[in-house]
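Just so it is clear: chains get the letters A, B, ... in the order the sequence lines come, proteins before strands, and each one is counted from 1.
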Amino acid sequence: MASRTPEGPPPPPAVQRLRLRYARRERLRFSSHRDFQRALERALRRAEVPMAYSAGFSPHPKVSYAGAAPTGSASEAEYVEIAVTARCDPERLRAALDAALPPGLDVLEVVEVPLHGATPLADLLEAGVWEVALLGVGEAEARRAVDALLAAGSAEVERVTTKGRRVLDVRPAVLRLDVVDPAAARSTTGRALAASSAASGEPCAILHLVVRHAAPAVRPDDVLTALRGVSDLAPPEAPRATRLAQGPLLEGAAAVADPLAAERGAVGV
Amino acid sequence: MPPADTTADDDTTPHGPTADGSAAPGAPALPEALDAAAARTARDGRSVLHRLEALLPRVSKPVQYVGGELNATTKEWDCAGPATVRWALMYPDAYEVGVPNQGVMILYEVLNERVDALAERTYAVWPDLEALMREHGVPQFTVDGHRPVGDFDLLGVSFATELGYTNLLTALDLAGVPLRSAERTEEHPLVVAGGHAAFNPEPVADFLDAVVLGDGEQAVLAVTDLVRAFKEEGSPGGREELLLRLARSGVVYVPRFYDVAYGDDGALASVAPNRDGVPWRVVKHTVMDLDAWPYPKQPLVPLAESVHERMSVEIFRGCTRGCRFCQAGMITRPVRERSAEGIGAMVQKGLEATGFEEVGLLSLSSADHSEIAEVTKGLADRYEGTETGLSLPSTRVDAFNIELANELSRNGRRSGLTFAPEGGSERLRRVINKMVSEEDLIATVATAFANGWRQVKLYFMCGLPTETDEDVLQIAEMAKRVIATGRQVSGRSDIRCTVSIGGFVPKPHTPFQWAPQLSHEETDARLAKLRDAIRSDRRYGRAIGFRYHDGKPGVVEGLLSRGDRRLADVVEAVWRDGGRFDGWSEHFSYERWERVAQRVLAAHGLDVDWYTTRERDLDEVLPWDHLDSGLDKDWLWEDWQEALSGVEVDDCRWTPCFDCGVCPTTDTSIQVGPSGRPMLPLSVVRASGVLEGAGTSAGGTP
Ligand code: B12
Ligand code: SF4
């Protein structure tokens, strides 16, 4: 209770910080950010990662999450930072955590960052690159919609949130939007849909999208709503979005850099 | 009750087919649905995931439908050739309630361990997805392989509560399986029910092909053997023959092989087998030696949040405390303990396999385990400093021991203790055989407050046999004494007591199976008086919280608990009227049950009161008399009479057998310790494989 002080010594201090990149694939794209948090905390315990804990009455492991992809979309580039009380080998940690998480939540990379003074993850993740596969939509139709959106000065969409309806302008956040050749699809889903479309003759448009992270965050489905607003684009099947990358915006180019690159060099792992 | 994640507004309420069999508005039988039905007759277990995925972005909490939990198993459809025995196991409630269920988890593992069988799980889908599935012709699916439930050989349904019955009908309908057993053919799975609420399956007997009474571990294996042999022989004689073999084996109860006759007074006249070799009575299954059944070994860890975010280890089965209202205690006798060693091993393996941070030591009355002190101390020592919490979910006040509670809360959380005196007055506690004196309770509570606890929860029932307003008003007095004691012992003013009240529902296979149920009007009136008595108290009123449900859901539970086969029409009509998720207050409609039940029952010259508030007498044939829980009916009647005169009965673990009948009928005996096999000391602080310079193997879990 609030008036009691926790018993025992303070928790052991953190001696190392590590950043993780993980993917959320296939059917597990329907897991929410909260679902992932729970799964990760359990996986950390299963993998016996010597987590640093916060002090207090209900100590919790020190994990910081940054900008999770919305429920329903897949991602190849989600980031998390953890702090541990004994030095860990990044590759061993990666393999152990990956084994402790269900298939579909896959730990791809673990990099050590300085214990103090590293640029916060959230600041590094300035923009995201997305691939959206639109089954049943032809390339020409998609291109017309994309051109109309890029030509527009603003594109307001309405989103229903738990707090009610809110209107946001999608256009400023869209740094790049292309219709690419299906053969250039990069995500597993995009490639699979492109392949099945090539086989069946059913059209499938693949969009590549770079969005700047802003508050409120613009999501791929907001961009699709905007596309629908400026054209008559109406995908017959649910669009399949995959986040391909996140990171600092590259000067002058609508593209992102690897957010772990700098630290990887700095610590020399 | 767990909170709902979907609120049914008008466009998302279920649209089952209407009574005339046509589709209800919003649930058109599209040609696609017919294709799906045609495709299903192949019964090849082909995944419907791609069709489902298209719907998931449009429903709330889609993760509950995708499976993929840690420790889930998906086997090849033909893993043992065409004679592979395939079970779909259903918990007929939302995923978040069903996924932590131990019963289903155990059977899932026991079956999947067999090379010649496979088991997948399915849960009730929320009305938003149900409507989309109907619109797009997606059948009821398993969350493991996303296979159509209709493709399996058996659909095993676990009934923990009667309020899951309507959800079974939704699942059957979505699976393309006729609701009534009599209308099913070779193309459909056998629908097999189990669990506590299947001990009187009569109200849903017409929807079931077979019922397993009691523990399921060995029973599902025996059923699997029979089904496999039958398939290997080329299914001679079809469904009817398979059911006959199952019935004759005595492993299951097959309702269709029993004719029920009714007398002029509306009560049952007789229940008799209508085939040669089908037993007159079907006896429940009892697993002996729990140490030989250490399941679940690999508890499921869902991604979605569930109602029970911890790992459970069942430390014993059965209970002979003899509380007369408690069906669970009566139908699970005799007591069978798992040894301290067995418990320790299950906790260790389960935590390694799951990463859960809390372990619940589960049973009907956990502090009664003969080695409970060693177990809790051993576990608390073992997990000291690891952030692993322990809990004892069901703990009796008299067996409660503050030292135990202190062990459990070593990590610091000492927020609240729960006690269940159940009856407000000493007299009433004698009637229900809950032998707790107020003095004992107050003494225990005092120790608790002295040890730093600040909050106490007290559970009671309202509507118990012979109860008067006076008995219930005593609850207020007890709560006030708890606060007064707490303030005095601790010298603090922030002491709280929460009084939580449930309506009593008489259950089959208990001494109270003959008792009249209190009407919901009287229940509500009695509780209103209690609430006023608490609120009007100036000194203590504010320190006492009061939580209760209105009496209406209890009436429906009571109707179904002691119902007979005539209720199948009620259940079906309620379902057709839109009844779903009856365990959820936001979905439950008393008005619907009442209206439909009165209409349907009128045809038999009966009404809801006849089933609920009517007292039965010894001569009446009860709908479950042919289903043998081992309890001797004469003993139950004697115990009922003793209840009425306030005579208590002891616990046969500590006093001589009082001949309830269970041990001789089921050929079992009490299995309690001390086992002499203590928990193995084990240090959990091992060198983790993820550390720098650790051994070559990457990965923490061996
Ligand atoms: C943990 C627990 C909970 C948890 C978890 C529930 C869950 N999802 O599993 C929570 C806290 C959520 C809970 C909630 C409730 N619970 Co509860 N709960 C328990 C408890 C302590 C353990 C249940 C358990 O896991 N048992 C062990 C397993 C292995 O047993 P089992 O499920 O019966 O399964 C075996 C057999 O029955 C059989 N079997 C089961 N299913 C099937 C299916 C087939 C096909 C076959 C062949 C065999 C079979 O085989 C299994 C293995 O032998 C019991 C008390 C107890 N010890 O049993 C109460 C208990 C089951 N709960 C009870 C009640 C009343 C409730 C609530 C209604 C409370 C409320 N008012 O809200 C809700 C209902 C929730 C719901 N909708 O289901 C009562 C049931 C009373 C009754 N039927 O007479 C019990 C018995 C407690 C009591 N003494 O009153 N509960
Ligand atoms: S038969 Fe006797 S020993 Fe067995 S449970 Fe009943 S009273 Fe206890």
**Item:** Side chain, backbone, both or neither of S73(A) within contact of chain B (heavy atoms, under 4.5 Å)
**Value:** neither
**Asked** Would R45(A) and T354(B) count as having a side-chain donor-acceptor pair, cut-off 3.5 Å?
**Response** no
**Interatomic spacing from CD in E41(A) to CZ in F356(B) - rounded to 0.5 Å** = 13.0 Å
**Request:** Between chain B and each of P61(A), P102(A), A39(A), count heavy-atom pairs under 4.5 Å; write down the option with the most.
**Result:** P102(A)
**Complete:** Closest non-hydrogen atoms of A238(A) and A54(B), given as atom of the first, atom of the second and distance, are CB-O, 4.3 Å
**Asked** If you draw a 6.0 Å radius around CD in E202(A), do more than 12 non-hydrogen atoms from other residues or ligands fall strictly inside?
**Response** yes
**Item:** Separation between NE2 of H60(A) and CD of E357(B), rounded to the nearest 0.5 Å
**Value:** 11.5 Å
**Request:** Against chain B, label A43(A) side chain, backbone, both or neither, depending on which of its atoms sit under 4.5 Å from a heavy atom there.
**Result:** neither
**Message:** I'd like to know if the side chain of R27(A) reaches the main chain of V66(B), judged simply by a donor and an acceptor atom lying under 3.5 Å from each other, with no hydrogens or angles considered.
**Reply:** yes
**Prompt:** Any donor and acceptor pair, going by atom type alone, linking the side chain of R92(A) with main-chain N or O of L691(B) inside 3.5 Å?
**Reply:** yes
**Prompt:** Got V63(B) and S32(A) here, is their nearest side-chain heavy-atom distance under 4.5 Å?
**Reply:** no
**Prompt:** Does a side-chain heavy-atom distance below 4.5 Å link V690(B) with D89(A)?
**Reply:** no
**Item:** Step-by-step side-chain contact (heavy atoms from CB on, under 4.5 Å) determination, L303(B) to L105(A)
**Value:** CA-CA 10 Å; L303(B) 273 156; L105(A) 293 178; 3.7 Å; yes
**Request:** Taking atom CZ of R496(B) as the centre, report whether more than 12 heavy atoms of other residues, nucleotides or ligands fall under 6.0 Å from it.
**Result:** yes
**Asked** Based on non-hydrogen pairs under 4.5 Å, which of E53(B), E69(B), E305(B), H146(B) is most in contact with chain A?
**Response** E305(B)
**Prompt:** Under a 4.0 Å N-O cut-off, is there an ion pair linking E309(B) with R38(A)?
**Reply:** yes
**Message:** Taking every non-hydrogen pair under 4.5 Å, which of R29(A), R240(A), E237(A), Q16(A) racks up the most with chain B?
**Reply:** R29(A)
**Request:** Evaluate the side-chain proximity of R42(A) to L70(B): yes if any heavy-atom separation is below 4.5 Å, no if none is.
**Result:** no
**Request:** Mind jotting down which residue pairs meet the side-chain hydrogen bond (donor to acceptor under 3.5 Å, both in side chains) criterion with at least one end in residues 187-198 of chain A? Sequence neighbours excluded, please.
**Result:** E131(A)-S187(A)
